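Step one of this worksheet: look at the structure below.
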Amino acid sequence: MRLGLALGYWGRGPDPRHLELARQAERFGYHSVWTAESWGSDAFTPLTWIAAHTTRVRLGTAVAQMAARTPTATAMHALTLDHLSGGRMMLGLGLSGPQVVEGWYGRPFPKSPLTATREYVEVIRQVLRREAPVRLDGRFHAHPYAGPDATGLGKPLKPIVHPLRGDLPLLLGAEGPRNIAQTVRIADGWLPLYWSPLRTELFEAALAEAAKGFLVAPMAQARVCADVAEGLLPVKAMLGFYIGGMGHAARNFHADLMARMGYEAEARRIQELFLAGRREEAIQAVPDAFADEISLVGPRERIAERLELWRAGPVTDLLVTAPDPHTLRVLAELNT
């Protein structure tokens, strides 16, 4: 199991620690560094900055939002950064949800998310292979565009730049069972949002169909500390926000995932409190047990024991969100 550093997206402004954490991760032998986006900082610009200050570590987006760019624009970002970094790019994509797609990007959330995702991936694959001009008779991502307001002058094109790698790794963030099954069929890897090494049976059937070399790269908060309860507070704060606020009360993919993992009543209670404006109570309502099983928190000895559970399952790359170089170093030492 390889280690990656997940830096996420910015809060109020750039995090001054991120570049040094990325450098430390490279020195400690981490395989990859990952950036993200929501509705603030984008995923590609910070990754390019990190690329310029590192030499070996792989560079991934976890995730870049599909609604933010056309598939050809995303492919342009990926092939450009792959060239500039010497072949270190890993493209992780996610569809997001209706609240963000329609509220932030001002676009309709696709009525068939699986079809939209499949078409998006197919266009990117065509760009990166550069075997012929991009053509797709798609419902959501037709190339050339042929909608009712089309001029009819659209011309199939292939990229001017020859991509460095036609097989640049493409991973998908997926939460629902059908989305995960499709990810196994069309992508090179899967980016689970919440992963519990105690519940790997939830995904056995889907992953059994995966091709050799398929990546399973979940994210987990990690912190070496003496007090487990205190160390879990940032995990609970994250879960309170995602379960309670990242989605509509009637359609929240994160809450649905927590429910499938055995915490349905708790997930609905977190939503209820968060949407009522009782955010601190929502965070407190996150069960310690759930926060603990999807993270690596506590003294070194405890983390060592729990890390073995992650290593025993199908995870190929553990993407850790760690607040300090000490935690990064300890995980690197324990994972050797």
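Quantities reported herein were computed from a predicted structural model and do not represent experimental measurements.
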With side chain to side chain contact (heavy atoms under 4.5 Å, CB included) as the test, pick out the partner of Pro71 among His141, Met66, Gln126. His141
Nearest 0.5 angstrom please: [X] [atom1] to [Y] [atom2], how far?
X      : Y      : atom1 : atom2 : answer
Ser96  : Glu102 : OG    : CD    : 11.0 Å
Thr200 : Leu309 : OG1   : CG    : 10.0 Å
Arg139 : Glu119 : CZ    : CD    : 8.5 Å
Arg302 : Leu296 : CZ    : CG    : 9.0 Å
Trp195 : Met261 : CH2   : CE    : 9.0 Å
Arg88  : Thr54  : CZ    : OG1   : 4.0 Å

Show your working on side chain to side chain contact (heavy atoms under 4.5 Å, CB included) between Leu168 and Ile124 and close with a plain yes or no. CA-CA 10 Å; Leu168 186 153; Ile124 291 175; over 6 Å; no
Would you sort out whether Glu280 and Ile283 count as a side chain to side chain contact (heavy atoms under 4.5 Å, CB included), showing the intermediate values? CA-CA 5 Å; Glu280 287 302 318; Ile283 292 171; 4.3 Å; yes
Measuring only between side-chain heavy atoms, which start at C-beta, is [X] closer than 4.5 Å to [Y]?
X      : Y      : result
Leu47  : Thr61  : yes
Pro234 : Gln221 : yes
Phe214 : Pro314 : no
Leu307 : Met1   : yes
His254 : Glu175 : yes
Leu79  : Leu164 : no
Leu202 : Arg260 : no
His18  : Trp49  : no

Say whether, by atom type as modelled, one donor and one acceptor occur between the side chain of [X] and the main chain of [Y] under 3.5 angstrom.
X      : Y      : answer
Gln182 : Leu114 : yes
Thr316 : Val216 : yes
Thr183 : Ala174 : no
Glu37  : Asp42  : no
Arg130 : Pro159 : yes
Arg125 : Ile186 : yes

Between [X] and [Y], does at least one N-O distance fall below 4.0 Å, as a salt bridge requires?
X      : Y      : answer
Arg269 : Glu272 : yes
Glu20  : Arg27  : yes
Glu122 : Arg129 : yes
Asp256 : Arg268 : yes

If I compare all heavy atoms of [X] with all of [Y], which pair ends up nearest, and what's the gap?
X      : Y      : result
Met89  : Asp82  : N-OD1, 3.1 Å
Leu232 : Ser295 : CD2-OG, 3.6 Å
Ala132 : Lys158 : O-CB, 3.6 Å
Ala62  : Ala36  : O-CB, 3.3 Å
Ala267 : Met258 : CB-SD, 3.8 Å
Val286 : Ala291 : CG1-CB, 4.5 Å

We want to know whether Tyr120 and Thr74 form a side-chain donor-acceptor pair, criterion being a heavy-atom distance below 3.5 angstrom. yes
Cluster question for you: counting only ILVMFWY and a side-chain heavy-atom cut-off of under 4.5 Å, with indirect links fine, are [X] and [Y] together?
X      : Y      : result
Leu19  : Val57  : yes
Ile243 : Leu273 : no
Met76  : Leu170 : no
Leu207 : Trp310 : yes
Val235 : Leu198 : no

Should the ring pair Tyr263 and Phe290 be called parallel, tilted or perpendicular, given that the plane angle runs from 0 to 90° and is split at 30 and 60? tilted
Assign the ring pair His77 / Phe44 to parallel, tilted or perpendicular, where the plane angle (0 to 90°) is split at 30° and 60°. parallel
Return all side-chain donor-acceptor pairs below 3.5 angstrom for residues 149-157, not counting sequence neighbours, or 'none' if the list is empty.
{"unit_1": "Asp149", "atom_1": "OD1", "unit_2": "Tyr145", "atom_2": "OH", "d": "2.5"}
{"unit_1": "Thr151", "atom_1": "OG1", "unit_2": "Leu153", "atom_2": "N", "d": "3.1"}

If you count every heavy atom of other residues, nucleotides or ligands that lies below 6.0 Å from Arg311 atom CZ, does the total exceed 12? yes
Just list the side-chain donor-acceptor pairs under 3.5 Å for residues 318-334, sequence neighbours left out, or say none.
{"unit_1": "Thr321", "atom_1": "OG1", "unit_2": "Ala6", "atom_2": "O", "d": "3.3"}
{"unit_1": "Asp324", "atom_1": "OD1", "unit_2": "Thr327", "atom_2": "OG1", "d": "3.0"}
{"unit_1": "Asp324", "atom_1": "OD2", "unit_2": "His326", "atom_2": "N", "d": "3.1"}
{"unit_1": "Asp324", "atom_1": "OD2", "unit_2": "Thr327", "atom_2": "N", "d": "2.7"}
{"unit_1": "Asp324", "atom_1": "OD2", "unit_2": "Thr327", "atom_2": "OG1", "d": "3.1"}
{"unit_1": "His326", "atom_1": "ND1", "unit_2": "Arg329", "atom_2": "NH2", "d": "3.2"}
{"unit_1": "Thr327", "atom_1": "OG1", "unit_2": "Val224", "atom_2": "N", "d": "3.1"}
{"unit_1": "Glu333", "atom_1": "OE1", "unit_2": "Arg300", "atom_2": "NH1", "d": "2.9"}
{"unit_1": "Glu333", "atom_1": "OE1", "unit_2": "Arg300", "atom_2": "NH2", "d": "3.3"}

Evaluate the criterion side chain to side chain contact (heavy atoms under 4.5 Å, CB included) for residue pair Arg185 and Glu209; output intermediate values, then yes/no. CA-CA 8 Å; Arg185 293 193 303 270; Glu209 304 298 320; over 6 Å; no
Are Asp15 and Leu7 close enough, and set up right, to give a side chain to side chain contact (heavy atoms under 4.5 Å, CB included), and what steps lead you there? CA-CA 9 Å; Asp15 191 322; Leu7 294 172; over 6 Å; no
Results of side-chain contact (heavy atoms from CB on, under 4.5 Å) for His31 - residues two or more places apart only: Arg2, Arg58, Met90, Asp317
